[in-house]
Number of protein chains: 2
Amino acid sequence: MTRQHNGAASHISRHSLHDAIVGRLRDLIIEGELAQGERIFEAPLCETLGVSRTPLREALRSLASEGLVELVPQRGARVRHFSVKDVHDMLVLIRSLEELAARLACESAGEHDIAEVRELHDRMMAFYRDGNRLDYYKTNQQIHTAIVALSDNEPLIQTHASLQARLKRIRFIGHDGPELWAAAIAEHEAMMTALERRDAQALTAAIGEHLGNAWERVRDMV
Amino acid sequence: MTRQHNGAASHISRHSLHDAIVGRLRDLIIEGELAQGERIFEAPLCETLGVSRTPLREALRSLASEGLVELVPQRGARVRHFSVKDVHDMLVLIRSLEELAARLACESAGEHDIAEVRELHDRMMAFYRDGNRLDYYKTNQQIHTAIVALSDNEPLIQTHASLQARLKRIRFIGHDGPELWAAAIAEHEAMMTALERRDAQALTAAIGEHLGNAWERVRDMV
DNA sequence: CCAACGTATAATGTATACATTATGCATTCG
DNA sequence: CGAATGCATAATGTATACATTATACGTTGG
């Protein structure tokens, strides 16, 4: 008989246990179930996740490289604690990365790709009008990721994603007041029109301002 | 009374086997002993390094997160292969990172720190005059790392280090002709004077040009 | 002769057992 | 009574054994 997975891509993800654990732990950290600075004991977590220590430890190594976990030799793992300065520095870096991505995107992005970002933007606006905070937030993140993806620069995309992941937890907590929320919407509008005109100068400025303000939005939550 | 590990750093590195393996493998890859795209079999490597599979596998996870190793589920590890585009994209990103670092460094770096970079620069010049290629190259790298360190932005420093590590192998192969070598020296001179004048504009421009040219220097070696 | 299947082998993935190191508590000495 | 020390406990680090999956090769049927 033919193998279970034939030509048509049925299920690509031959669910790797490693990735599953990494994903699960990442969620636990982002949702705050594992608090900042909290010690991570292997044995109880193994019990909870139903896996043995070996794959769990490998997952912790991965998360440590991602910067979400701190691994001290002979002293185990901790959920990494981010200081106010850490968050600020990450935002400064992300801003620079997205500005670079903006320049590259205006050069290399195809019409179709830009249209997809527009679609995300419109969807986000709909969530905004409906007052759907969670989906608004998620789509917002997706837009930033999508613009970076337009740069067609894999190392840049990876680096950005890693930093974005570290900040997710902070942003998850941050419940911006409605006034800041509205400002962010306006900034996104500016980004969108600049992108569609492929105006690198304007797009870079818009993203720069947007992420500069992002610091104001989250600085009090850290 | 006073803790055993007081201000003076006695012996920080309680030599972690993990870090030792990671370092060793990194060297093997950089020096080309493990070729690009080459399959990494765990068992023989364990024999060679004299360790068991467990810590070796954890080390491979770390290197995978660093981007030096490619890990495919159920199909093992490979030394990651970098295409011409990959190298180009990494240089574009590194350039942007160092430009950012340059701006931050001009704001926050102390006189003493800048003096240390000057010292590195002078030492590099000495190696250049002596025709000591290897130490010249190493010191060159150290200068770039040192300037980024002046930014006082930990995420930036980490990101830069990771990318720098991935490129080390390429640069290790690249034996620039003397004419390009001389040009690099001149560019470094410009960087140094700009840094000492804390002229962010000039430093950014110098670094940008330097890394733009870096692409020309390595593009044929990939 | 070619193609497809099945089996043997070897590699990776996971679990468990063992070794080493850190940590907390009780005890004892100053 | 306080501080230091030693032991018990528990955690991490490492090795090994077992399970699963991929791969290569020989075989067989068309």
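Just the heavy atoms: all of them, side chains too, but no hydrogens, waters or symmetry mates, feed the values below. In what follows, chains carry the letters A, B, and so on, assigned in the order in which the sequence lines appear, proteins first and then strands, with residues in each chain numbered from 1.
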Are Thr145(B) and His160(B) close enough that a side-chain donor and a side-chain acceptor fall under 3.5 Å?
->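 No, because no side-chain N or O of Thr145(B) sits under 3.5 Å from a partner of the opposite role on His160(B).
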Test item: side-chain donor near acceptor, His210(B) and His188(B), under 3.5 Å |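 Side chains of His210(B) and His188(B): pair found under 3.5 Å.
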Okay, side chain of Arg61(B), backbone of Glu58(A): is any donor-acceptor separation there less than 3.5 Å?
->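 Between the backbone of Glu58(A) and the side chain of Arg61(B) there is no qualifying donor-acceptor contact (under 3.5 Å).
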Would you say the side-chain atoms of Ser162(A) pair up with the backbone N or O of Thr159(A), donor to acceptor, closer than 3.5 Å?
->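 No, the answer is negative, given that no donor and acceptor are paired below the 3.5 Å cut-off.
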Counting only heavy atoms not in Glu119(A), do more than 12 sit closer than 6.0 Å to its CD atom?
->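 No, because the 6.0 Å sphere around CD of Glu119(A) holds 12 heavy atoms or fewer from other groups.
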Nearest-Å distance for atom pair CG/C1', residues Leu60(B) and dA11(C) |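 These atoms are roughly 14 Å apart.
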Mind calculating the distance between CD1 (Ile40(B)) and P (dA10(C)) to the nearest angstrom?
->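 The answer, rounded to whole Å, is 21 Å.
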Could you write nucleotides 13-20 of chain C as a row of B, S and -, 5' to 3', where a protein heavy atom under 4.0 Å of any base atom gives B, of only sugar-phosphate atoms gives S, and otherwise -?
-> BBBBB---
